[in-house]
Amino acid sequence: AVLKLYTGVLSDDVYLMLLAEEPSDLEYSIFSYGYYAYLEKEKRSAEKDSVLNDILSRDSFWISFAYIAAYNDKFYSGRGR
């Protein structure tokens, strides 16, 4: 789904609808972090923080790489990169 967003096959609205319907915190964190990277690429910084907060609020599968990356970007942004 992330690739479809990047290529324009899916609109932001459809992608966000798919995210809202995702019951698994693991899948949600993976797809949301892809959306976060898309927003970063598009230089839409006003929306990025809310995506990170959404990922971190669904923490039942905190061990996923996407969750850990979101945590790092939220709390350690700009350090060590």
Side-chain angles (χ1 to χ4, degrees):
V2 176
L3 290 176
K4 289 182 180 180
L5 178 67
Y6 274 77
T7 58
V9 173
L10 284 180
S11 68
D12 281 30
D13 294 334
V14 172
Y15 194 80
L16 291 173
M17 182 185 71
L18 293 171
L19 280 176
E21 295 173 354
E22 180 55 58
S24 166
D25 286 354
L26 172 61
E27 296 293 325
Y28 184 83
S29 68
I30 292 167
F31 292 127
S32 290
Y33 196 77
Y35 185 59
Y36 168 79
Y38 170 77
L39 293 174
E40 192 168 53
K41 178 183 91 56
E42 296 293 314
K43 310 237 185 291
R44 292 166 53 187
S45 58
E47 300 163 80
K48 289 187 326 181
D49 287 341
S50 67
V51 173
L52 288 182
N53 290 334
D54 288 344
I55 293 169
L56 297 175
S57 72
R58 292 184 59 170
D59 61 357
S60 73
F61 208 93
W62 62 267
I63 197 65
S64 76
F65 287 118
Y67 182 92
I68 294 169
Y71 185 91
N72 181 67
D73 289 349
K74 171 114 178 128
F75 296 108
Y76 299 100
S77 182
R79 292 184 245 165
R81 285 189 177 191

A.B. asks: So which heavy atom on Ser29 is nearest to which on Ala66, and how close?
C.D. replies: O-CB, 3.2 Å
A.B. asks: Looking only at side-chain N and O atoms, does Asp73 offer a donor or acceptor that is under 3.5 Å from a partner on Tyr33?
C.D. replies: yes
A.B. asks: Show your reasoning for whether side-chain contact (heavy atoms from CB on, under 4.5 Å) applies to Val2 and Phe31.
C.D. replies: CA-CA 7 Å; Val2 176; Phe31 292 127; 4.0 Å; yes
A.B. asks: With side-chain contact (heavy atoms from CB on, under 4.5 Å) as the criterion, how do Tyr71 and Tyr76 come out once you've worked through the C-alpha distance, each side chain's angles and the decisive distance to 0.1 Å?
C.D. replies: CA-CA 8 Å; Tyr71 185 91; Tyr76 299 100; 3.9 Å; yes
A.B. asks: Does one hydrophobic cluster hold both Ile63 and Leu26, with members joined at side-chain heavy-atom distances below 4.5 Å?
C.D. replies: yes
A.B. asks: Is it the case that the side chain of Glu22 and the backbone of Ser24 share a donor-acceptor pair, with hydrogens and angles ignored and the cut-off at 3.5 Å?
C.D. replies: yes
A.B. asks: Looking at Asn72 and Ile68, would you say the former's side chain and the latter's main chain have a donor-acceptor pair under 3.5 Å?
C.D. replies: no
A.B. asks: If I take atom CG from residue Asp12 and atom CE from residue Met17, how far apart are they, to the nearest 0.5 angstrom?
C.D. replies: 13.0 Å
A.B. asks: Should Phe75 and Leu56 be marked as a side-chain contact (heavy atoms from CB on, under 4.5 Å) after you check the CA-CA gap, both sets of side-chain angles, and the distance that decides it?
C.D. replies: CA-CA 11 Å; Phe75 296 108; Leu56 297 175; 4.0 Å; yes
A.B. asks: Measuring from Lys48:NZ to Glu42:CD, what's the distance to the nearest 0.5 Å?
C.D. replies: 12.0 Å
A.B. asks: Hey, what do you get for CG (Leu10) to CG (Asp13), rounding to the nearest 0.5 Å?
C.D. replies: 11.0 Å
A.B. asks: Compare all side-chain heavy atoms of Lys74 with those of Asn53 and state whether any distance is below 4.5 angstrom.
C.D. replies: yes
A.B. asks: For the atom pair OH (Tyr15) and OG (Ser32), what is the distance rounded to the nearest 0.5 Å?
C.D. replies: 7.0 Å
A.B. asks: Indicate yes or no for a side-chain donor-acceptor contact from Ser57 to the backbone of Asp54 under 3.5 Å, with no hydrogens or angles considered.
C.D. replies: yes
A.B. asks: With distance as the sole test, does Tyr67 use its side chain to make a donor-acceptor pair with the main-chain N or O of Asp25 at under 3.5 Å?
C.D. replies: no
A.B. asks: What's the separation between atom CD in Glu47 and atom OH in Tyr35, rounded to the nearest 0.5 Å?
C.D. replies: 5.0 Å
A.B. asks: Supply the atom-to-atom distance Leu5 CG to Tyr38 OH, rounded to the nearest 0.5 angstrom.
C.D. replies: 5.0 Å
